[in-house]
Amino acid sequence: MNSVLRYSLLALAVMLCTLSASATKPDGREPHRGRLIPYPSAELAKERTLECQRFMQPVELVSTADDVYLGEFTFPFSWLERQVVVRVEGVGSPYELFVNGKRAGGATNGHAATEFNITKLSREDKNRVELRLADGRDVAAIECFEKAVCPTLYVISQPRVRVRDIFYRTNIANGGIVNVDFGVVMQNLTLGAKSSRLEYELYLNDTARLSGGRLDVELGMYGVDTMRFGAPAPDSVLWSAQSPQRISLRLINRIAGREAEVYDMPVALREMSFDDEGIVVNGERLSSEWHRMSPLSTIEHIEQAYQEGKRQIRFSAGVPSEQVLEWCDANGVYVALTAPINSSAAGVSRRKGGNPSNEPKWRKEYMERVVQMIHTTKRHPSVVAYYLADDSANGIALYEAYLAAKAISGDRPVIYDDGGGEWNTDLR
């Protein structure tokens, strides 16, 4: 192979690796994931707060009269060679994000969390953030539901060899044992090959060590790999409405022997399946009756429903807050989420100019909203089902949304009971 061809292939490989590793969308958005906060020490990780620390800064927003929210964050010297991402949650409206006067990205779906890479727009010391609410008329046809603007922003800058995402799945074995399989997505954001050692431990009640171990990974330039490990646990720790127990997963990402980042998160072990008759959790079938609530419900509203004996809540179109879902995790409430799609005002006609659910131009928007909802809530054990939409007729956009959801929903059913009994639902 001559040198010119070899150089060309190398350049192409670099470009493909870069694009594959970052996977950042053209408008600056990062791939969707659940909330994942890195900490610089085990002590801070155990507290699980959203307070300012070495890898994360919350951005306090102040609203103005012209639908703009202003805030700022400080870019420390230690972030100079790192990627910087801002996570935006709970806007409830289309918006655009600006950093230091330059557009960082935007979203037509402000209900679910979105991350934007702002590395090139950030500078050392003070940085100005503007969240500008956009005109919602473009999506009004599919958002026929109550909305509220309650934005939360925080800036994250992880080490260059980092944990990108975490997921897990549980299987009940024989002899009172539960097997849990973990996957930790590791990412190298440097121009050279790097190695990492991932140390993991599972604890019951923060004190009793259930299991642990370590894994070594070699990551090439802009490389991504998924580290997988399994761990046994007694079936007495299974999560359910009757016993919402959780254990702690502690992860340490070590680079060259040094603690690069630490995680400590609650993990709920529960085995799920579904069939034509409904949803099964840990071998017990759930009721087909769901208590309907608004995604704008506060923890106080959920507590009131809980005191009334409600243990299965279906949230209408929209996405409830992280705080509400965490409360449901901790208290054993089964949750069904509905994507932020309701096109009921357009009627049921499938003709051109009728309901948006049968208009091809809406396919990407519908698919994105459903996929975003699943990816950002997948680690919540309380979430046991996903609904495509509320009262939105049926058609090509919801067909495509169902197929996209099925590719990532795993053991949770994807439901649409307003579709006239068509094929794009797992339960009827």
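Going from atom OH of Tyr386 over to atom OG1 of Thr377 covers 3.0 Å, rounded to the nearest 0.5 Å. Within the model, atoms OG1 of Thr226 and CD of Gln187 stand 10.5 Å from one another, a figure rounded to the nearest 0.5 Å. Rounding to the nearest 0.5 angstrom, the gap separating the CG atom in Leu44 from the OG1 atom in Thr49 is 7.0 Å. In this structure, Ser240 OG and Glu284 CD are separated by 7.0 Å, a value rounded to the nearest 0.5 Å. Taking CD of Gln158 as the reference point, atom CG of Asn253 lies at 9.0 Å (rounded to 0.5 Å). With rounding to the nearest 0.5 Å, the separation of CG in Asp329 from OG in Ser382 is 3.5 Å.
A donor atom on one side chain and an acceptor atom on the other are found under 3.5 Å apart for Asp426 and Tyr402. Side chain to side chain, Thr298 and Glu300 meet the donor-acceptor criterion of an N or O pair below 3.5 Å. Side-chain atoms of Glu422 and Tyr416 include no donor-acceptor pair closer than 3.5 Å. For Thr108 and Glu365, the side-chain atoms include at least one donor-acceptor pair closer than 3.5 Å. Looking at Asn127 and Asn100, their side chains do bring a donor and an acceptor atom within 3.5 Å of each other.
For Gln323, the CD atom sits in a packed shell: over 12 heavy atoms of surrounding residues, nucleotides or ligands are nearer than 6.0 Å. Crowding of Glu303 atom CD: a count of heavy atoms from other residues, nucleotides or ligands under 6.0 Å exceeding 12. Counting non-hydrogen atoms of other residues, nucleotides and ligands closer than 6.0 Å to NZ of Lys406 gives a total above 12. Counting non-hydrogen atoms of other residues, nucleotides and ligands closer than 6.0 Å to CG of Asp276 gives a total of 12 or fewer. Open room surrounds CZ on Arg137; 12 or fewer heavy atoms of other groups in view lie less than 6.0 Å from it. Counting heavy-atom neighbours within 6.0 Å of Lys194 NZ, excluding the residue itself, gives a total of 12 or less. With a 6.0 Å radius and a threshold of 12 heavy atoms from other residues, nucleotides or ligands, Arg214 has its CZ atom at or below the threshold.
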- Go through the steps for Glu368 and Arg29 under the test salt bridge (Lys or Arg N to Asp or Glu O under 4.0 Å), then give the verdict. CA-CA 12 Å; Glu368 174 71 9; Arg29 284 181 292 168; 3.2 Å; yes

- Message: Between Arg87 and Glu115, does the salt bridge (Lys or Arg N to Asp or Glu O under 4.0 Å) criterion hold? Intermediate values first, please.
- Response: CA-CA 4 Å; Arg87 186 174 177 90; Glu115 293 182 354; 2.9 Å; yes

- Show your reasoning for whether salt bridge (Lys or Arg N to Asp or Glu O under 4.0 Å) applies to Arg285 and Asp275. CA-CA 10 Å; Arg285 191 170 299 278; Asp275 54 30; 2.9 Å; yes

- Item | Residues Trp423, Tyr399; criterion ring pair (Phe, Tyr, Trp, His ring centres under 6.0 Å); working and verdict | CA-CA 8 Å; Trp423 59 270; Tyr399 299 155; 5.2 Å; yes

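Between the side chain of Arg311 and the main chain of Tyr306, a donor-acceptor pair closer than 3.5 Å is present. Put simply, the side chain of Gln53 gets close to the backbone of Pro38: a donor and an acceptor are under 3.5 Å apart.
The two residues Ala346 and Asn355 make their nearest non-hydrogen contact at CB-CA, 3.8 Å. Minimum heavy-atom separation, Ala404 to Val371: CB-CG2, 3.8 Å.
For the pairing with His111, the side-chain hydrogen bond (donor to acceptor under 3.5 Å, both in side chains) check across Lys147, Glu143, Gln372 returns one residue only, Glu143. If you run side-chain contact (heavy atoms from CB on, under 4.5 Å) between Arg162 and each of Leu36, Leu189, Val185, only Leu189 comes through.
Inter-residue side-chain proximity for Phe75 and Val155 is flagged as unmet; no heavy-atom pair is nearer than 4.5 Å. Looking at Val324 and Ser297, their side chains never come closer than 4.5 Å, going by heavy atoms from C-beta outward. For the pair Leu70 and Arg128, the minimum side-chain heavy-atom distance is below 4.5 Å. Glu289 is not listed as a side-chain neighbour of Gln312, based on a closest heavy-atom distance of 4.5 Å or more. At least one side-chain heavy atom of Asp264 sits less than 4.5 Å from a side-chain heavy atom of Ser248. A 4.5 Å side-chain heavy-atom check between Leu337 and Leu325 finds at least one atom pair inside the cut-off. Residues Val217 and Leu198 are not in side-chain contact: their nearest non-hydrogen atoms beyond the backbone lie 4.5 Å or more apart. Here the side chains of Ile255 and Glu261 are not in contact, with every heavy-atom distance at 4.5 Å or above.
The aromatic rings of Tyr334 and Trp239 stand perpendicular to each other, their planes meeting at an angle above 60°, with 30° marking the opposite boundary.
Geometrically, Arg132 does not engage Tyr95 in a cation-pi contact, judged by NZ or CZ lying under 6.0 Å from the ring centre and within 45° of the ring axis.
In this structure, Trp79 has its ring center at least 6.0 angstrom away from the ring center of Phe55.
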